[in-house]
Amino acid sequence: MKIVTWNVNSARQRLAHLETFLRESAPDVVCLQEIKCTDEAFPAAAIEALGYNVAVHGQKTFNGVALLSRLPLEDVRRGLPGDDGDLQARYIEAVISAGGGAVRVASIYLPNGNPVATEKFAYKLAWMERLRAHMAARLAEEEIAVFAGDYNVIPEPRDASDPAAWTGDALYQPESRAAFRAILNLGYTDALRACTDAGGLYTFWDYQAGAFQRDFGIRIDHALLSPRAADRLRGVAIRRDVRAWEKPSDHAPLEVTLDVG
DNA sequence: ATGCCTGTCCGTGACAGA
């Protein structure tokens, strides 16, 4: 089973790229972030025409996440538990029943948190604590589970081309990195790091100042695997080539392959 | 030190309907 996470930076602006990607990568499941539209405005018909089921948790203008799957999406849940007052659409999960067993997949759009020392950073840390609590509860269910998305966290120095440039940024704050480690320490596996220790592996390059051309990148899109999912991990690929397409998203897709189904 | 780039919404103007 090939599972992809991709922050598309507007589903409507990126529909042609998404269609091309679905045709040539042929993933089984896709976790989208920053669809930037309501459920009604999401281009579901075009995606369904390519053989995918669609579940959307959208929002006007900002945020918004979705799941696409060749097999049916069951037990769809929208929103991260722990704060009924949180109106930002940043979390959706569902179960896909494959031949080899059921897989729970979540699409996550973690808050950016900038600027630090504002309410936005406090919201990020509170959101990460809610995510940790939810992932702890899910872990107890011993499922094959994949929590994939834009975590907006640079885990380690090797995950940035110029770590010093991110010193004051919410993506690289000690608190942000500690919260990410706390999730891993529950017993989750960073899929990419299970496959390689190499540096220079990035998933985001800013649109500005020729960041992609200079390879001024960071690794902030991650797939975290439950123990049973990690046992089935076959490989990971960052689709850097997609970031070079015309009028791209500023994020590259991350592909994870599991021996399931 | 700041902007760099991109996307959405709003406002505007054009137009349809009452």
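Residue numbering restarts at 1 for every chain, and letters A, B, ... go by the order of the sequence lines.
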Taking pairs as Watson-Crick (N1-N3 plus N6-O4 or O6-N4) or G-U wobble (N1-O2 and O6-N3), each distance under 3.5 Å, the stems of three or more consecutive pairs with DNA chain B are none
* Counting only side-chain N and O atoms of A:R14, is one of them less than 4.0 Å from OP1 or OP2 of B:dT6? -> no
From the list A:R132, A:R130, A:K124, side-chain contact (heavy atoms from CB on, under 4.5 Å) partner of A:M128 resolves to A:K124
Value for OH (A:Y91) from CG (A:L110), rounded to nearest 0.5 Å, stands at 11.5 Å
Under 3.5 Å between N/O atoms: give me all the protein pairs with nucleotides 8-11 of chain B, atom names plus distance.
unit_1	atom_1	unit_2	atom_2	d
B:dT8	OP1	A:S10	OG	2.5
B:dT8	OP2	A:Q13	NE2	3.0
B:dC9	OP1	A:T61	OG1	3.4

For A:E93 and A:S107, test the side chains for any donor-to-acceptor distance below 3.5 angstrom and give the result as yes or no. no
Q: Examine A:F180 together with A:Y151 and report whether their ring centres are nearer than 6.0 Å.
A: yes
May I ask you to check whether A:W205 and A:F212 place their ring centres under 6.0 Å from each other? yes
Would you kindly say whether A:S97 and A:E74 are connected by a side-chain donor-acceptor distance under 3.5 Å?
yes
Separation of B:dG7 atom C1' from A:Q33 atom CD, nearest Å, is 17 Å
side-chain contact (heavy atoms from CB on, under 4.5 Å) test vs A:L224 passes for just one of A:T189, A:L184, A:I108, namely A:L184
_If only side-chain N and O atoms count, and only distance matters, is there a donor-acceptor pair under 3.5 Å linking A:T203 with A:D221?_
yes
Identify all pairs in which a protein N or O lies below 3.5 Å from an N or O of nucleotides 3-5 of chain B, and state each distance.
unit_1	atom_1	unit_2	atom_2	d
B:dC4	N1	A:Q208	OE1	3.0

**Request:** Please find out if less than 6.0 Å separates the ring center of A:H222 from that of A:F147.
**Result:** no
Between the CZ atom in A:R14 and the CD atom in A:E19, the distance rounded to the nearest 0.5 Å is 13.0 Å
Rounded to whole Å, NE2 of A:H17 lies from C1' of B:dG7 at a distance of 14 Å
